[in-house]
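Here is the structure we will look at.
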Amino acid sequence: AGSDPNMSGLGKQSVLEFSLSDFRYHERGIDKYVSERLTGAAQFSGIGYDPEQYLFLSKLKARWPNYPDAAVRHCIGYIRDGVLVDQQTRHFFLKEWAGPNEEMHKIKCRGVTNFADKSTALAPKPSPGQLAADIVSGSASLTLTPLGVGNANYPASGEVCLGNEVMGFTRSGDVLTLTRGIANTQARNHSAGTTVQLVLKYVNARADTVVNDLVLNYTQTPATYLRTEISDANAAEVTRWASAVLLNTRIVTPTPVATLLGELSDLGFIIWEDDRNQSLNLRANRPFDGGPRVISDRTMKEIKTIENEDRRLTQVRFLSKRFDPTKALNDDNNYELKVLRVDAPALTLFGAVRTKNVYTRWLDQGDLNTVGIITLRYLNRFNRAPKTWEITIDATEKDVSLAEVVQIETDQSPDSNGVTEVFLAQVFQREEPDPYHTVKINCQSYQFSGRYAVIAPNTAPQYPDATTSERATMGFIA
């Protein structure tokens, strides 16, 4: 939720790049036809050859044209007394294979969010049906072409978009019976051959529900990345911190899934991949409520502070409740609700006005309470320049992960009184320049102004009897 405005909606993807030297190999044990290749029985020409005469990787690439998106595992660990220990496995997907070039092959792999970035990952999916004949603004039905496309590709009822008009429909075969000009659009004339595009509609949907739907139904992401334990954890996050945020929208044209998921960051959600745990995780922009990992000068090799004064906010302008879902998202005149929230003390203190403009399709119901919460959290987090740090740490902290909130304790960045600064920061980029020896993280301040608490449940003890942890993480009402 604002860690770097210069990144794409889903931030930076996990990347693995490596080079392999080609080699000659007899292929016994991996090619069940190896004996027939020697005799020629496996060849159309009938002429045999010795597989060990040719380069193995070059042959593999030629035999395996569907290698893109193949799973790649990067395993690393220590060898102690001849045994591999402390092993970590990171999961990627093959994206590019360049070579052979002087018997070298260069492999590029990406993380699972690459599936959402693909040009084919669109929601709603492009609809194949077209108008079989012209219709006018008063037509009560239309016929789809090609023949049979209705049963194959359209539900029994729903909504479609033709040009700038949204219509409700019920279907029988290839014939749609229409309710014209819904969603504040106007009934218009449409020509034969116009695409009859299905509309993707969410009504009072939670953020975790939308993420699951977009990822699992509109990308080729393996379902294991949102397996039950991960979906349950994401749902618990939303239940605790954003249960009142209900998403309502119509998406009338095929839109990149990466764009749609990225737009959720405007509502205070971040989505990131864990390539070690094989998961897609969801987190709300909210105060930290746990015990953070401590990174101190003991494990820190280098720290660089970046002030980011240009990212400080004094006000948030939030536009929601569109009049017409077919118009451009950044069209000011297409919004009924325009809320400007100003942090007056920050404006007085710093003088210069710094505005974040948010145009959202996701709150078309008009939810001022949610807008109020989102804009307040933005200002409480970013009313001071959100510092970022580039920190190099040793291998004892190699398990630090993306989106993790850490506590930094360092004499290299003292506060205004010269005292060792202790602060919370959220990791938004991670790399291993020297695997298993050095980890480099980029993190952003995770300080919220104000006081927050989750009201203690009825089963909690009275405040005098509560534990230190309960007092630190719950609010008690006398």
Side-chain angles (χ1 to χ4, degrees), residues 65-70 93 114-203 205 209-223 247-261 263 322 324-329 334 361-362 364:
N66 59 335
Y67 65 79
D69 297 334
F93 298 89
N114 180 61
F115 287 106
D117 258 346
K118 287 180 175 290
S119 60
T120 55
L122 302 172
K125 296 175 181 178
S127 298
Q130 298 177 337
L131 279 180
D134 295 352
I135 62 173
V136 297
S137 59
S139 299
S141 65
L142 63 80
T143 300
L144 296 167
T145 189
L147 185 67
V149 72
N151 287 334
N153 298 99
Y154 290 78
S157 62
E159 296 179 3
V160 291
C161 183
L162 284 78
N164 292 325
E165 180 186 354
V166 180
M167 312 174 190
F169 73 88
T170 57
R171 183 185 59 80
S172 176
D174 289 335
V175 177
L176 306 187
T177 301
L178 305 172
T179 302
R180 302 296 299 272
I182 66 173
N184 295 315
T185 62
Q186 293 183 350
R188 302 173 186 271
N189 300 338
H190 301 282
S191 302
T194 299
T195 296
V196 182
Q197 175 62 53
L198 283 168
V199 172
L200 177 58
K201 185 178 180 181
Y202 292 106
V203 179
T209 301
V210 170
V211 170
N212 283 3
D213 183 54
L214 290 174
V215 170
L216 297 179
N217 294 323
Y218 297 94
T219 78
Q220 295 178 307
T221 300
L247 308 182
N248 289 266
T249 192
R250 286 180 172 91
I251 306 170
V252 299
T253 58
T255 304
V257 171
T259 296
L260 297 173
L261 293 174
E263 289 173 1
R322 295 174 298 169
D324 182 346
T326 70
K327 292 184 177 181
L329 195 62
N334 194 37
R361 74 178 87 220
W362 294 99
D364 278 350

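The figures that follow rest on heavy atoms only: side chains count, while hydrogens, waters and symmetry mates do not.
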Taking the side chain as everything from C-beta on, heavy atoms only, tell me whether Leu131 gets closer than 4.5 Å to Ser191.
no
Beyond-backbone contact of Asn164 with Thr185, side-chain heavy atoms, under 4.5 angstrom:
no
Exam field: side chain Arg188 to backbone Val136, donor-acceptor pair closer than 3.5 Å
no
Checking Thr195 side chain against Gln197 main chain: does a donor-acceptor pair fall under 3.5 Å?
no
Where the side chain of Tyr154 meets the backbone of Val196, is there a donor-acceptor pair that is under 3.5 Å apart?
yes
Pairwise side-chain contact, Val166 with Val252, heavy-atom cut-off 4.5 Å (strictly under):
yes
May I ask you to decide if Gly150's main-chain N or O and Asp174's side chain share a donor-acceptor pair within less than 3.5 Å?
yes
Got a donor-acceptor contact below 3.5 angstrom from the Thr249 side chain to the Arg361 backbone?
yes
Between the OG atom in Ser141 and the CZ atom in Phe169, the distance rounded to the nearest 0.5 Å is 13.5 Å
Taking all non-hydrogen atoms of both residues into account, name the closest pair between Ala183 and Pro325 and its distance.
O-CD, 3.3 Å
Could I get the full list of salt bridge (charged side-chain N to carboxylate O under 4.0 Å, His left out) partners for Lys118, not counting sequence neighbours?
Asp69
What is the distance from atom CD1 of Ile182 to atom CD of Glu165, rounded to the nearest 0.5 Å?
9.0 Å
What one should report as the nearest heavy-atom pair of Ala116 and Ala121 is O-CB, 3.8 Å
Mind listing the closest non-hydrogen atom pair of Cys161 and Val199 along with its distance?
N-CG2, 3.8 Å
Can Gln130 and Thr145 be counted as having a side-chain donor-acceptor contact under 3.5 angstrom?
no
Which heavy-atom pair separates Tyr218 from Leu122 by the least distance, and what is that distance?
CD2-O, 3.4 Å
Please report the closest heavy-atom contact between Thr326 and Gly163, naming both atoms and the distance.
CG2-O, 4.5 Å
Shortest non-hydrogen contact from Pro126 toward Pro254:
CA-CG, 3.9 Å
With a 4.5 Å heavy-atom cut-off, do Arg250 and Leu200 have their side chains touching?
no
Say whether, by atom type as modelled, one donor and one acceptor occur between the side chain of Ser127 and the main chain of Leu198 under 3.5 angstrom.
yes
Close side-chain approach of Leu142 to Leu178, heavy-atom, < 4.5 Å:
yes
Flag, side chain of Thr194 to backbone of Leu162, donor-acceptor distance under 3.5 Å:
no
Any heavy-atom pair between the side chains of Thr170 and Leu176 that's under 4.5 Å?
no
Using 0.5 Å steps for rounding, measure from the CG atom of Leu216 to the OG1 atom of Thr219.
7.0 Å
Within the structure provided, determine whether Thr259 and Val257 are in side-chain contact (heavy-atom separation under 4.5 Å).
no
With sequence neighbours excluded, what pairs up with Arg171 under the salt bridge (charged side-chain N to carboxylate O under 4.0 Å, His left out) test?
none
Taken in chain and number order and not counting sequence neighbours, the residues that satisfy side chain to side chain contact (heavy atoms under 4.5 Å, CB included) with Ser137 are Ala187, Asn189
Quick one: list whatever passes side-chain hydrogen bond (donor to acceptor under 3.5 Å, both in side chains) with Asn217, sequence neighbours left out.
Asp213
So do Arg322 and Lys327 actually touch side chain to side chain, heavy atoms under 4.5 Å?
no
Can you list the residues that meet the salt bridge (charged side-chain N to carboxylate O under 4.0 Å, His left out) rule with Asp134, with sequence neighbours excluded?
none
Quick one: ring-ring contact (aromatic ring centres under 6.0 Å, His included) partners of Phe115, sequence neighbours excluded?
Phe93
In Å and rounded to the nearest 0.5 Å, what is the CE to OG1 distance from Met167 to Thr177?
12.5 Å
With rounding to the nearest 0.5 angstrom, report the CG to OH distance, Leu260 to Tyr202.
7.5 Å
